[in-house]
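Written below as structure tokens is the structure these notes are about.
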Amino acid sequence: MSVLPYLAAGWIFLIGVYGLVTSRNLIHAVGCLTVTQSSTYVLLVAIGYRRGGTAPVFSDLPPGARVVDPVVQALALTDIVVGATVTALLLALVVQLRKRHGTVDPDKLAELRG
Amino acid sequence: MAAGELLPLVVAVPLLGSAVLVAAGRRLTRIAADALGAAFAAGTVALCVFALIGVLEGPAVAWAGGWRPKDGLGVGIALVGDPLGVGLAALASVVTVAAFVYSWRYLEEPPPRHAGGFPALLLLFQAGMCGFTLTGDLFNAFVFFELMSVVAYALTGYRVEEPRPLQGALAFGIVNSLGGYCMLLGIALLYARTGELGMAQIGRALGTGEPDALVLAAFVLVMTGLLIKAAAVPFHFWLPDAHAVAPTPVCMVLSGVMVELGVYGAARVYWTVFAGPGGVSHSSCTRTLLVIGVATAVLGAAMCWQQRHLKRLLAFSTIGHVGLFLIGVAVLTPEGVSGTALYVLGHAGAKAALFACVGILLARYGSVDEYELYGRGRELRLVGVLFGVGALALAGVPPFGTGLGKAVAEEAAGQQAPWLPAVFVLVSAVTGGAVLRAGLRVFGGAGPRPPAEKADGEPETSGAEEEPETGDRLGRVPGTMLAVPVALLAGALAVGVLPGFAAAVGAAGDHFADHTGYLGTVLGSGSALSHVSASPHWTAAGVVLDLVSTALAIGCAALAVWRPGRTGHPGASGWWTPIRRMQSGHIGDYVAWALAGVALLAVLTVPGMLL
Amino acid sequence: MSRPVRLWVFLVGAVLVAALYAWACFDLPSFGGDHHPYGDRAVRTALAQHTANAVSSVNFDQRAFDTLGEQTILFAAVLGTVVLLRQVRGERRTDPTPAPVADRVRWFGVLMLPVALVVGFYVVAHGPLSPGGGFQGGIVLATALHLLYIAADYRALERIRPVGLYEVGDAVGEAAYVVTGLAAVLAGSAFLANVVPHGTFNTLSSGGTVAVLNIAVGMEVACGIIVLLARFLDQAVEIEETAEETGAR
Amino acid sequence: MDEVLIAIAVVLVAAAATAAVFHRDPLRQSMVLSLLGLFLALLYTFVQAPDVALSQLAVGSAVTPLMILLTVRKVKRGPRSGSEDR
């Protein structure tokens with residue numbers, strides 16, 4: 001149990017990259033990119049966990065209470081929202097690419113070779 | 001106002017400018033929006049220069065939010081005004097101002113309600129680059145890395161009416177996002193081990209104890225993100241696709257500065273975080289960066305010679321030069337760092353000027369294809385001269401900054417391995433020669449007319465019948481589009497000849513390549529400069545090597561133009577086609593190569609460190 | 001490269017990277033360990049700054065420069081999407097047809113809209129106190145507004161959601177964050193310093209600039225996501241190719 | 001007891017991620033992605049990270065799938081220029 005979350009984060013990362021490599025549809029590829037992205041949050045939050053600790057919000061806790069690490073939560077929290085907007089930007093590129101190329105299958109895009 | 005307090009303002013002013021532009025962009029005419037954007041960018045240049053003057057004596061540290069560490073332990077983010085960092089921020093700002101002035105009359109009329117869009121994106125780009133060079137915190141560097149990337153995706157795909165920019169921007173987006181996630185995984189591992197996020201604090205925490213698999217994995221993952229940004233082999237595939245299609249002002253900033261920031265980031269992270277005893281040993285890091293650098297230089301130069309699409313030709317020459325920068329950094333000596341810094345400064349001026357000239361060709365003739373433009377550039381005499389001078393500067397002709405930087409970096413690399421200067425000479429000769437060949441054919445109409453149509457079956461991207469980015473073809477070349485390349489080449493020349501300049505960059509190199517000094521500056525136990533090296537200067541051997549590479553470049557170009565049979569394009573040698581086919585434009589390929597690159601980095605670094 | 005070759009290159013890379021990563025995982029401190037020096041310092045500092053929610057204190061006070069970068073990425077991504085999804089020549093905008101909506105859904109939407117908006121404002125305002133803050137509250141506000149799209153139709157949504165205003169709101173949110181930072185410099189302290197008095201612990205006004213920055217980020221995230229969804233909805237519902245400009249040239 | 005719940009949540013997240021990758025059709029993939037967002041929010045709650053859970057819930061299971069659906073609708077509705085695409 002002491003390494004399961006870390007290994008799971010590695011698995012999610014690699015499975016996301018597998019999806020990217022073998023994708024036949026660019027929207028599916030962007031979906032796989034969000035899967036890869038969530039692996040970083042799983043690792044970050046798993047690193048901050050402290051056995052027996054509670055959430056680092058002191059509105060109802062005594063100041064000396066045993067809490068988990070708030071720093072990794074701050075990093076993960078902003079990244080989730082920002083990641084969604086970056087995904088939106090990539091989806092916007094896919095929408096326009098579909099208009100100009102007529103397809104979203106990466107195998108059929110033949111413009112930039114050599 | 002101490003230099004330290006200026007550092008956060010260098011990032012804040014462009015952000016404010018972009019917010020003002022987006023808010024007011026709906027009512028501003030295009031000229032007003034561009035003028036406002038250029039004003040904010042120029043203001044940032046002034047701030048950078050003031051900060052640079054302030055930090056020349058010694059690096060200044062600013063703690064964001066006033067969170068100074070108490071007896072070495074703190075919670076805040078440090079902004080470190082290292083002379084090299086602030087210098088690169090100034091370079092990024094200057095090239096952004098050049099892009100602003102160039103795009104004054106260059107870009108197609110934007111839709112009525114979005115006049116502020118393009119200038120605001122350029123200002124955000126400048127803020128991202130300045131933040132990346134100034135930050136002393138690893139997670140903050142990742143944040144500005146992402147900011148630079150996001151803005152670059154939008155700017156690369158700006159011309160949404162064309163099919164190619166969208167494919168190039170999407171490939172650029174997916175590969176660089178993957179690089180960002182690798183870097184974040186590496187930062188998470190370092191945080192788990194050291195419980196710190198600042199570069200100096202992590203470096204101090206890694207100073208004790210033995211290097212183990214976690215440090216190796218963190219080094220490989222963080223370096224992957226930075227080398228993807230630096231377009232090193234095998235992560236380089238996105239760069240030619242992105243550069244061939246981005247609007248020309250964006251190409252100037254991408255090739256001139258952003259790619260070099262990847263090399264700066266890799267060097268900065270190694271020197272501050274991993275250079276301690278508990279980190280990655282000098283020999284392992286040198287071996288890794290040397291192998292990657294030489295491969296990048298050779299592949300970049302070879303592919304550059306094969307291209308007929310002028311922007312892709314310049315993109316591959318950038319990859320070749322990134323390889324040379326990586327070699328200069330890989331020797332891990334202050335002379336190597338200051339030589340590479342001079343080379344980067346000179347290269348930024350020359351490469352941005354060359355892209356500006358290609359932009360003029362695209363605007364005037366609606367094509368960037370070397371064969372189709374054969375002899376049509378004769379009437380643009382000044383542009384032809386600028387293109388030739390830029391090509392020679394790429395080849396490292398003295399007294400240009402590229403020549404001085406190449407000479408110093410060669411000499412530093414020569415101490416590491418005797419054959420390295422030969423790589424410098426060959427790569428700069430081939431890239432300079434390729435650009436010179438294109439210039440001779442386009443502006444001089446020299447040699448037999450090459451066949452216009454593409455050799456079928458050959459994986460090749462021709463630059464023919466491109467939509468000019470100025471909407472319709474320009475009759476007369478506007479003054480701003482000519483002034484920018486002239487100013488940039490003058491800057492590249494100044495880097496080589498200004499008397500005190502090279503000495504200042506030498507001192508900056510000493511500060512940069514000083515692990516204990518950096519830790520002392522940031523964590524308060526200030527320590528004197530451990531090693532003062534001789535300031536870089538023109539040496540006889542350096543000048544000779546520069547002249548050899550220039551002569552070689554001219555020779556290659558002449559041979560290719562007047563005897564196309566042997567080395568010119570028609571009937572390009574068959575054995576090189578599989579390498580060209582690897583540049584396939586398929587996103588799945590690029591991601592697979594990126595992951596293989598991570599494995600390559602690990603395999604190169606592990607011997608001598610763990611096994 | 002052909003598909004099998006690409007798969008082989010991926011597999012080789014994946015096996016080696018998996019081995020490296022797994023090997024590193026066994027050197028990590030075990031899951032749930034007690035070694036969190038930065039976390040403990042951050043909690044002590046948050047309590048000293050009278051901010052009950054330590055995560056918001058880290059986000060908007062101790063590492064406020066990070067959050068400035070993060071929200072600028074959001075601002076840049078929204079601006080990039082607006083620029084990329086702009087209407088180009090050869091495309092025309094047709095006004096959306098009114099969609100028939102079942103009464104129960106309409107009532108559900110109309111009743112839920114104010115509740116959802118209040119929840120969103122609550123989450124933004126109570127950032128320094130309870131879990132939540134500018135980022136989460138902004139998202140709740142943005143999605144709450146689109147209840148109207150479900151309850152009525154796109155025309156109704158467009159009437160109460162002038163996109164231009166929200167683009168300005170997005171920019172004002174970003175500018176407010178930077179101006180708060182610059183105000184701290186003018187007040188003689190460092191950029192983004194918490195110069196406002198911290199107020200009493202566990203009350204709405206506690207935490208000084210944490211509350212101010214929360215509101216700025218909440219405004220920017222809400223407006224940004226609304227503009228984002230507006231651009232995607234426009235492309236999906238309204239913008240069509242005119243006859244002569246069919247897809248690929 | 002916490003450890004068991006966390007282990008279950010981690011396994012669920014890994015399974016949902018794998019499912020999201022193997023659903024090649026973007027429409028079904030967006031459904032599985034919102035399910036993944038739900039499981040991630042669950043995991044973050046068990047690991048005592050309520051802020052991150054709220055953020056993931058709002059973004060992962062609402063905004064991202066909505067944008068993928070809108071993209072699929074635009075791609076499907078686009079002009080059929082001869083090439084069949086799923």
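Within every chain, numbering begins at 1; the chains are lettered A, B, ... in the order of the sequence lines, protein sequences first and strands thereafter. Computation of the quantities below employed the complete heavy-atom set of this structure, encompassing side-chain atoms and omitting hydrogens, waters and symmetry-equivalent molecules.
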Against chain C, label [X] side chain, backbone, both or neither, depending on which of its atoms sit under 4.5 Å from a heavy atom there.
X     : value
A/L4  : neither
A/Y18 : both
A/V71 : both

### Task
Quick one: which of A/D60, A/I80, A/L61, A/D79 has the most heavy-atom pairs under 4.5 Å with chain C, could you say?
A/D79

### Message
Treating A/Q96 as the side-chain partner and C/L84 as the backbone partner, does any N or O pair qualify as donor plus acceptor under 3.5 Å?
### Response
yes

### Message
Is it the case that the side chain of C/Y21 and the backbone of A/Y6 share a donor-acceptor pair, with hydrogens and angles ignored and the cut-off at 3.5 Å?
### Response
yes

Could you check which of [options] has the highest count of heavy-atom pairs closer than 4.5 Å to chain A?
options                    : value
C/N59, C/V43, C/T51, C/V58 : C/N59
C/R6, C/H35, C/R63         : C/R6
C/G134, C/A236, C/S30      : C/S30
C/L28, C/V78, C/V217       : C/L28
C/L228, C/T67, C/D34       : C/D34

### Full working for side chain to side chain contact (heavy atoms under 4.5 Å, CB included) between A/L75 and C/D66
CA-CA 9 Å; A/L75 306 185; C/D66 254 0; 4.2 Å; yes

Measure across [X] and [Y] and return the closest heavy-atom pair with its distance rounded to 0.1 Å.
X     : Y     : result
A/A88 : C/T81 : C-OG1, 4.3 Å
C/G39 : A/D69 : CA-OD1, 3.2 Å
A/V86 : C/A77 : N-CB, 4.3 Å

### Query
Please walk me through it: do C/I225 and A/T85 pass side chain to side chain contact (heavy atoms under 4.5 Å, CB included)?
CA-CA 8 Å; C/I225 300 287; A/T85 48; 4.0 Å; yes

### Query
Any chance CZ of C/F121 has more than 12 other-residue heavy atoms, nucleotides or ligands included, within less than 6.0 Å?
no

### Query
Considering only heavy atoms from C-beta outward, does the side chain of C/F135 approach that of A/T78 to under 4.5 Å?
yes

Given heavy-atom pairs under 4.5 angstrom as the criterion, report whether the side chain, backbone, both or neither of [X] touches chain A.
X      : answer
C/L74  : both
C/E70  : both
C/P128 : neither
C/F201 : side chain

### Task
Determine, step by step, whether A/D107 and C/R3 satisfy the side chain to side chain contact (heavy atoms under 4.5 Å, CB included) criterion, reporting the C-alpha distance in whole Å, the side-chain angles of both residues, the deciding distance to 0.1 Å, and the verdict.
CA-CA 9 Å; A/D107 296 343; C/R3 287 185 64 77; 3.9 Å; yes

### Message
Non-hydrogen contacts under 4.5 angstrom with chain C: give the residues of residues 39-58 of chain A involved, or none if there are none.
### Response
A/L43, A/A46, A/I47, A/G48, A/Y49, A/R50, A/R51, A/P56, A/V57, A/F58

### Query
Looking at CD1 of C/I73 and CG of A/L89, how far apart are the two atoms once the value is rounded to the nearest 0.5 Å?
12.0 Å

### Distance (rounded to the nearest 0.5 Å) between C/S56 OG and A/L77 CG
7.5 Å

### Query
Using 4.0 Å as the upper bound for N to carboxylate O, is an ion pair formed by C/D40 and A/R66?
no

### Task
Show your working on side chain to side chain contact (heavy atoms under 4.5 Å, CB included) between A/V72 and C/H36 and close with a plain yes or no.
CA-CA 10 Å; A/V72 278; C/H36 299 285; over 6 Å; no

